[in-house]
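Just below is one structure, and these are the notes that go with it.
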Amino acid sequence: MKGNARILVTGAGGFIGHHLVRRLKKEGFWVRGIDLKAPEFEATSADEFAILDLRLWENCLKATVGVDQVYNLAADMGGIGYITANHADISRNNTLINTHMLEAARSNGANRFLFSSSACIYPQYKQNQADVTALKESDAVPADPEPGYGWEKLFAEELCRYYKKDYGFETRIVRFHNVYGPLGTYEGGKEKAPAAISRKVALAEDGGNIEVWGDGQQTRSFMYIDDCVEGLVRLMASDYAEPLNLGTDRLVTINQLIDLVSDVAGKRLTKRHDLTKPQGVRGRNSDNTLLNRVLGWEPSITLEDGLKKTYSWIESELRKAGRLQTVAAGQAAR
Ligand SMILES: NC(=O)c1ccc[n+]([C@@H]2O[C@H](COP(=O)([O-])OP(=O)(O)OC[C@H]3O[C@@H](n4cnc5c(N)ncnc54)[C@H](O)[C@@H]3O)[C@@H](O)[C@H]2O)c1
């Protein structure tokens with residue numbers, strides 16, 4: 001199959017999809033990318049790229065013609081502010097994308113379909129403490145997921161399992177935990193914490209302030225994009241059809257994340273906590289026992305290394321846009 005398979009990546013104009021296309025092309029696969037938009041920061045390396053709205057059945061049929069494998073990453077999503085404010089749109093848009101994509105892929109004869117789920121499917125009642133017990137896959141039920149985004153992801157997981165049971169359709173289900181890295185959205189409301197913090201730190205003056213959503217004691221684990229893509233490719237190649245966590249199990253507070261990014265930038269900043277802003281569940285971590293058992297592997301890129309690369313990319317984007325002083329201008333001013 002390797003090198004010969006024809007692969008469809010939906011959401012190929014987005015963060016994870018764009019990186020995945022690049023990786024699959026490096027391995028010699030033929031790749032089609034579909035999205036509502038082209039990748040923002042770099043040209044796609046897909047053999048074919050089409051702009052299609054995958055909420056529509058006819059477009060899902062077009063997208064899945066002649067492909068062997070489907071990575072279904074297209075979704076209406078964003079950071080905690082966005083997913084808290086848009087329950088109806090997110091649920092409707094993503095339910096349409098996932099139900100249509102699954103059936104179109106099956107009826108057009110694809111032999112594998114990977115669905116990108118989220119740690120947001122885990123019950124809120126298990127995430128009330130900053131010092132949480134890491135979540136294992138079987139914790140998903142009894143269900144009490146994140147409103148909107150978590151419920152539609154959990155339903156789509158179930159739908160994949162029904163397709164496997166009723167049609168023998170080979171589905172794969174991945175539950176991502178906070179993916180970050182270069183070439184991701186870093187402003188506008190859809191960005192996640194590592195990108196938002198990197199932008200705020202880059203724009204802040206040394207010795208100045210940084211705004212933090214909540215008290216900053218909320219905890220998460222973060223996975224660098226290269227580990228995410230590696231896990232995706234491994235899961236697709238495996239014979240495991242049940243939901244699987246994909247994340248790191250190093251728990252940090254948002255305050256610690258800010259300190260790490262500030263260290264990378266060489267800045268000392270005072271945190272200003274805004275308790276009116278949404279912060280999601282109190283704590284969330286990934287239990288990687290099953291991941292290790294199924295794939296014989298787990299993410300290993302350290303947060304320090306990943307943040308260095310992410311910060312330096314966001315800083316260079318802001319510099320290119322003329323929003324930071326250049327080194328030369330800074331030196332000239334002295
Ligand atoms: N990044 C994370 O930390 C994270 C965590 C959990 C789950 N996920 C899931 O992983 C997948 C990829 O996430 P990402 O971080 O790359 O997000 P992203 O927003 O960068 O990419 C998603 C892409 O889907 C596209 N899209 C949205 N609606 C569409 C439609 N109707 N038709 C076609 N394309 C459409 C968007 O334009 C976007 O480019 C999503 O399913 C997301 O829910 C991501």
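Start at 1 with the first residue, then count along the sequence. Order of appearance sets the numbers: ligands from 1, and atoms from 1 within every ligand. Hydrogens, waters and symmetry mates play no part in the numbers below; they use all other heavy atoms, side chains included. Bear in mind the structure is a predicted one, so any value in this text is a computation, not a measurement.
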| said: Applying a heavy-atom cut-off of 4.0 Å, say which part of Leu54 lies close to ligand 1: side chain, backbone, both or neither. | reply: both
| Closest protein heavy atom (residue, atom, distance) for atom 3 (O) of ligand 1 | Val179 N, 2.8 Å
| If you count the non-hydrogen atoms of other residues, nucleotides and ligands that lie under 6.0 Å from CZ in Arg92, is the total more than 12? | no
| message | Looking at Asp215 and Arg282, is any side-chain nitrogen of the basic one under 4.0 Å from a carboxylate oxygen of the acidic one? | response | yes
| request: Tell me which protein heavy atom sits closest to atom 20 (O) of ligand 1, plus the residue, atom name and distance to 0.1 Å. | output: Phe15 N, 2.8 Å
| remark: Note: ligand 1 atoms sitting under 4.0 Å from heavy atoms of Gly13 are 39 (O)
| query | Going by the order shown, which atoms of ligand 1 are within less than 4.0 Å of some heavy atom of Lys37? | reply | 37 (O), 39 (O)
| task | Report the part of Leu52 in contact with ligand 1, treating N, CA, C, O as backbone and CB onward as side chain, heavy atoms under 4.0 Å; options are side chain, backbone, both, neither. | result | backbone
| query | Between Tyr186 and Trp313, how do the two ring planes meet: parallel, tilted or perpendicular, split at 30° and 60°? | reply | perpendicular
| Among the heavy atoms of Asn178, does any lie under 4.0 Å from an atom of ligand 1? | yes
| note | In ligand 1, the atoms that come under 4.0 Å of a heavy atom of Arg55 are 31 (N)
| query | Which residue owns the protein heavy atom closest to atom 34 (N) of ligand 1, what's the atom, and how far is it? | reply | Leu36 N, 3.4 Å
| Salt bridge check: are Glu317 and Arg319 linked by an N-O gap of less than 4.0 Å? | no
| said: As a test of understanding, state which of Arg272, Lys277, Lys271 forms a salt bridge (charged side-chain N to carboxylate O under 4.0 Å, His left out) with Asp274. | reply: Lys277
| said: Is it the case that over 12 heavy atoms from other parts of the model lie below 6.0 angstrom from the CG atom of Asn209? | reply: yes
| request: Output yes when the distance from some N or O of ligand 1 to some N or O of Ser116 is under 3.5 Å, and no in every other case. | output: yes
| said: To check your reading of the model: name the closest protein heavy atom to atom 17 (O) of ligand 1, its residue, and the distance in Å. | reply: Met77 SD, 3.5 Å
| Proximity to ligand 1 by part of His177, non-hydrogen separation under 4.0 Å | neither
| Ligand-residue contact atoms, ligand 1 with Phe176, heavy atoms, under 4.0 Å | 5 (C), 6 (C), 7 (C), 8 (N), 9 (C), 10 (O), 44 (C)
| field | Sequence-distant partners of Asp76, salt bridge (Lys or Arg N to Asp or Glu O under 4.0 Å), two or more places apart | value | Lys190
| Is the closest heavy-atom distance from Lys153 to ligand 1 below 4.0 Å? | yes
| Hey, is CZ on Arg323 packed in by over 12 heavy atoms from elsewhere, all under 6.0 Å? | yes
| field | Test: Asp139 and Lys126 ion pair at under 4.0 Å | value | yes
| remark: shortest atom 31 (N) of ligand 1-to-protein heavy-atom contact is with Asp53 OD1, 2.9 Å
| note | Heavy-atom proximity to atom 38 (C) of ligand 1 ranks first, among Ile16, Leu232, Asp35, for Asp35
| field | Taking atom 1 (N) of ligand 1 as the reference point, the nearest protein heavy atom with its distance | value | Lys192 NZ, 3.1 Å
| message | Checking a contact table here: which protein heavy atom is nearest atom 11 (C) of ligand 1, and how many Å away? | response | Leu73 O, 3.2 Å
| Does Tyr167 have Arg106 sitting over its ring (NZ/CZ under 6.0 Å from centre, angle to axis within 45°)? | yes
| task | Record the part of Tyr149 in heavy-atom contact with ligand 1 below 4.0 Å; permitted values are side chain, backbone, both and neither. | result | side chain
| field | Summary of side-chain hydrogen bond (donor to acceptor under 3.5 Å, both in side chains) pairs that have at least one residue in residues 40-58, sequence neighbours excluded | value | His18-Glu42, Arg22-Glu42, Lys25-Asp47, Arg32-Glu48, Asp53-Arg55, Arg55-Asn93
| side chain to side chain donor-acceptor pair (under 3.5 Å) between Asn245 and Asn288, intermediate numbers included | CA-CA 7 Å; Asn245 281 334; Asn288 286 349; 5.0 Å; no
| query | What residue among Glu137, Glu157, Glu242 forms salt bridge (charged side-chain N to carboxylate O under 4.0 Å, His left out) with Arg175? | reply | Glu157
| note | Closest heavy-atom approach to atom 27 (C) of ligand 1 among Ala63, Ala75, Gly11, Ala74 is made by Ala75
| message | Which option wins on minimum heavy-atom distance to atom 21 (O) of ligand 1: Ala38, Gly79, Gly14? | response | Gly14
| query | If you measure from each non-hydrogen atom of Arg175 to ligand 1, which part falls under 4.0 Å: side chain, backbone, both or neither? | reply | neither
| task | Indicate, as side chain, backbone, both or neither, the part of Ser117 found under 4.0 angstrom from ligand 1 when only non-hydrogen atoms are considered. | result | backbone
| request: State plainly whether the residues Glu298 and Arg234 are in salt-bridge range, i.e. N to O under 4.0 Å. | output: no
